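This structure is a prediction, so every number in the text was calculated from the model and none was measured. Position 1 is the first residue of the sequence, and the numbers go up from there.
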Amino acid sequence: MVTVLSRQSFSPHWLPHSPPVKLPGGFPVRLAGRSCCGSCLPLGDVHLEWGADRPDSPSPQGLCHVIQASLQVLSSTLSFLHTNEGTSDPYVKFKLEGKTIYKSKIVYKNLNPKWTESFSFPLQDREQVVDVRVYDKDLTTDDFMGSSTIVIKNLELDKTSEMVLSLEDPNSLEDDMGVISLYALQMDKWNQKGDQTQPQDKAQTQRSAEATKNSQLWSGVFGITLVEGQDMPENVQGDIYVRYRLGEQKYKSKNLCVQANPQWRERFDFNKYEDCLEPLQVEVFAKRGRKSEESWGMFEVDLSRLPVATQQLYTHVLDEDKGRLVFLATLNPCCGVSINELNKAPLEQPDERDQILEKYSLKNSHKCLREVGFLQVKVVSATDLTSTDLNGKSDPFCVLELGNSRLQTHTIYKTLSPEWEKVFTFPIKDIHDVLELTVFGEDGDKAPDFLGRVAIPLLTVQNGQQVTRGLKKANWEGPAKGTISLVMEVHYNPVRAGIRTFKPKEEKFLEDNPKFAKKVLAQNIYRVRKITMAVLHTLQYIKSCFQWESTQQSIIAFLIFIVTVWAWELFMLPLFLLLLIGWNYFQITTERISSNQDLVSVSYTESGKKGLMDKIHMVQEIVITVQSILDEIACIGERVKNTFNWSVPFLSCLACLVLFVATATLYYIPLRYIILIWGVNKFTKKLRSPYAIDNNEILDFLKRVPSDVQKSLSPLDVGEKPM
């Protein structure tokens, strides 16, 4: 049991004629007095200066200022038993009339957290009740830990009141869920000339904007390089992988076979947030099958004292007889992350624009190779969104994601055509990244409702032009209702971008395990079929030249073959590919072909509605196709293996003879002449023997070698009689 945070003392000293400021709710106020703490607003004489453009809105009756102090847990209730080592990751939501007016930061691994945060909000009347709800941050769904209320009419006017609220949970068997300690101050209605007012929804939107902005900017990047494992168990079947977690950022390494010294050599980047002081959690898992996992050890690393731009080596011992894990950590400063109003866009400020263009100019290509470029996005508005509330409206906000970097707008309440008018800036790590914008509808404590999304590759951005994009569904397969308007600018260094292209692509944050979907499987088979058909068409064209289906075509192909083989040099291979890319570029610029044109035309249609039997038949066809392909691949691999394993001695002896002849031939005769002889034979075979049957000698030989399935039969069945 921990003592509740001691009460703070307030001794107001009035300061006359103080300038107007804005509260977190966005309201311009004139304050006179002294703040209760260094981080919150003065608690003295407050006068609200309402705008004159909203005379029809209800007049607020006062202002409530809340200082969130601490949470005292009286007992480890049932709601905490699922957490690691009896701890939780609590945070607090304050709600007014069902809408969240403030959300505290998360305090990790603590049953007695202290926040010392403050916020203010206007009151419509003194009958309002503020709902205080405590949650435990979890990987999937946040767990409810208890709630209480602040009854505004019970607060004394113009006097700071210390409050200790008991948490309650009707679904819990525990009587003592804990208490939360805070201070609250209610100030009376402001004396103003006229009846100038501001609507509650506007105030709620502005409060949301301030709270959202302050919690999502980062100032640095932790680079974690997973190197290797040491002295790990070898007599274990399955795979081994590592999970990282820093706050809400999570990564999973690739799976490696269990061995004494697995080598990962992977790099992961974590954004460093100023208000996030929790340690890096590292856990090693051994996996057997899809759902069987065993933890080999978990430890924490304090990165708060990591020096800037200095690489540090960590070697941590895992559980008993599980070995050690080795990784590197580096803290790199990061700039270029910001959220501003439209009139404060960095690229519209002459000095800032010159600095950015200078930073990514060609003459500075050798500096800061990891910083490829700079992206500025103006999220102007959205129109005609889907309604998710009973009143036919939504509470939309927009999330911007560039790689693993994520920013979001504030929530605009009760509208289907929000106007966010915000400017976001990102540092670009990879010019091939795609900016994804997803519009959600806030839904209280529940997960937000998906409204639509749009994806824009950075290389397709037209600088300075406002574009309106139609929203897509979550699976990108069709249009969703609504559009979004943006203005984007991308500035990057082409040398750094080119170098970055040949380095490993940054992995996405940990995602859920993929689930089976017959539709996705059918699409993937269709994609493979397109590539296969393109290869088959090419082979068919070559075969038609050998078959002399067109005399002119075969003569030209034969001459090209002779000249190419006779004059071939190794540098001609990249030259040929260069000419092919250049030819396609010429075709595209002259609009003879499209850059999105398929290799071959393969139709793929799927009706929107299918009966049960049609779906069953479709799944059967897909499974049979996959089964046949896997069988062919497995058979070829097993037959090659069995040739070298002397599964059929006669065939292995024959293979030895052929390989000996091939070795001697290649030793005495140059490869160029051998290819010429082979080509002349293929081109003239049809002329010499018009009715000859085509064959592939290597595949014909392998078909005589039994696969492992055929070896499981009796020796007589595979053509070998035991001696």
Answer yes if the side chains of [X] and [Y] hold a donor-acceptor pair under 3.5 Å, and no otherwise.
| X | Y | answer |
| --- | --- | --- |
| Tyr413 | Glu442 | yes |
| Thr388 | Ser394 | yes |
| Asp89 | Tyr135 | no |
| Thr383 | Thr483 | yes |
| Gln355 | Gln349 | no |

With distance as the sole test, does [X] use its side chain to make a donor-acceptor pair with the main-chain N or O of [Y] at under 3.5 Å?
| X | Y | answer |
| --- | --- | --- |
| Thr425 | Leu375 | no |
| Asn340 | Val423 | no |
| Arg500 | Leu369 | no |
| Ser405 | Glu401 | no |
| Trp420 | His410 | yes |
| Asn391 | Lys393 | yes |
| Arg453 | Thr438 | no |
| Glu436 | Leu402 | no |
| Thr501 | Ala497 | yes |
| Asn493 | Ser361 | yes |

With side chains defined as the heavy atoms from C-beta onward, is the minimum distance between [X] and [Y] less than 4.5 Å?
| X | Y | result |
| --- | --- | --- |
| Pro448 | Asp443 | no |
| Glu341 | Lys422 | yes |
| Leu486 | Val380 | no |
| Arg527 | Ile531 | no |
| Val301 | Leu303 | yes |
| Tyr241 | Lys252 | yes |
| Val528 | Gln523 | no |
| Gln312 | Pro307 | yes |

Before accepting this row, confirm whether a basic side-chain N of the pair [X]/[Y] lies closer than 4.0 Å to the acidic partner's carboxylate O.
| X | Y | value |
| --- | --- | --- |
| Glu506 | Lys429 | yes |
| Glu358 | Lys363 | yes |
| Arg370 | Asp269 | yes |
| Lys254 | Glu266 | no |

CG/Leu570: more than 12 non-hydrogen atoms of other groups inside 6.0 Å: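 It does not: Leu570 CG has 12 such atoms or fewer within range.
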
What is the distance from atom [atom1] of [X] to atom [atom2] of [Y], rounded to the nearest 0.5 Å?
| X | Y | atom1 | atom2 | value |
| --- | --- | --- | --- | --- |
| Tyr273 | Leu246 | OH | CG | 9.5 Å |
| Asn271 | Cys334 | CG | SG | 7.0 Å |
| Leu407 | Phe424 | CG | CZ | 6.5 Å |
| Leu579 | Leu575 | CG | CG | 4.5 Å |
| Gln249 | Arg406 | CD | CZ | 11.0 Å |

Without placing hydrogens or testing angles, list every side-chain donor-acceptor pair under 3.5 Å for residues 463-473, not counting sequence neighbours.
{"unit_1": "Asn463", "atom_1": "OD1", "unit_2": "Val490", "atom_2": "N", "d": "2.8"}
{"unit_1": "Asn463", "atom_1": "ND2", "unit_2": "Val490", "atom_2": "O", "d": "3.1"}
{"unit_1": "Thr468", "atom_1": "OG1", "unit_2": "Ser485", "atom_2": "OG", "d": "3.2"}

Any ring pair (Phe, Tyr, Trp, His ring centres under 6.0 Å) involving residues 438-460? Give me the pairs, sequence neighbours left out, ordered by first then second residue.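 Residue pairs passing ring pair (Phe, Tyr, Trp, His ring centres under 6.0 Å), neighbours aside: Phe397-Phe440.
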
Dump the intermediate steps for side chain to side chain contact (heavy atoms under 4.5 Å, CB included) on Leu400 and Val377, then the final yes or no. CA-CA 9 Å; Leu400 298 87; Val377 185; 3.8 Å; yes

Taking the six-membered ring of Tyr102 as reference, does the cationic atom of Lys93 (NZ for Lys, CZ for Arg) lie under 6.0 Å from its centre and within 45° of its axis?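 Ring-cation test returns no.
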
Within 45° of the six-membered ring axis of Tyr244 and under 6.0 Å from that ring's centre, is NZ or CZ of Lys250 located there?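 The answer is no; the distance or angle limit is not met.
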
Testing Leu451, Val379, Thr386 one by one against Val439 for a side-chain contact (heavy atoms from CB on, under 4.5 Å), which residue passes?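 Of the listed residues Leu451, Val379, Thr386, the side-chain contact (heavy atoms from CB on, under 4.5 Å) partner of Val439 is Leu451.
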
One pair to check against side chain to side chain contact (heavy atoms under 4.5 Å, CB included): Tyr251 and Val242. What are the steps and the verdict? CA-CA 8 Å; Tyr251 277 114; Val242 182; over 6 Å; no

For Leu458 and His432, run side chain to side chain contact (heavy atoms under 4.5 Å, CB included): C-alpha distance rounded to whole Å, both residues' side-chain angles, the deciding distance at 0.1 Å, then the answer. CA-CA 6 Å; Leu458 296 184; His432 307 284; over 6 Å; no

Would a line drawn from the ring center of Phe374 to the ring center of Phe426 be shorter than 6.0 Å?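 No, too far apart.
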
Using side chain to side chain contact (heavy atoms under 4.5 Å, CB included), reason through Gln587 and Trp583 one step at a time and then give a plain yes or no. CA-CA 6 Å; Gln587 295 282 78; Trp583 172 252; 3.7 Å; yes

Which residues pass the salt bridge (Lys or Arg N to Asp or Glu O under 4.0 Å) test with Glu371, sequence neighbours left out?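 Testing Glu371 for salt bridge (Lys or Arg N to Asp or Glu O under 4.0 Å), a comparison that skips the adjacent residues, returns Lys359.
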
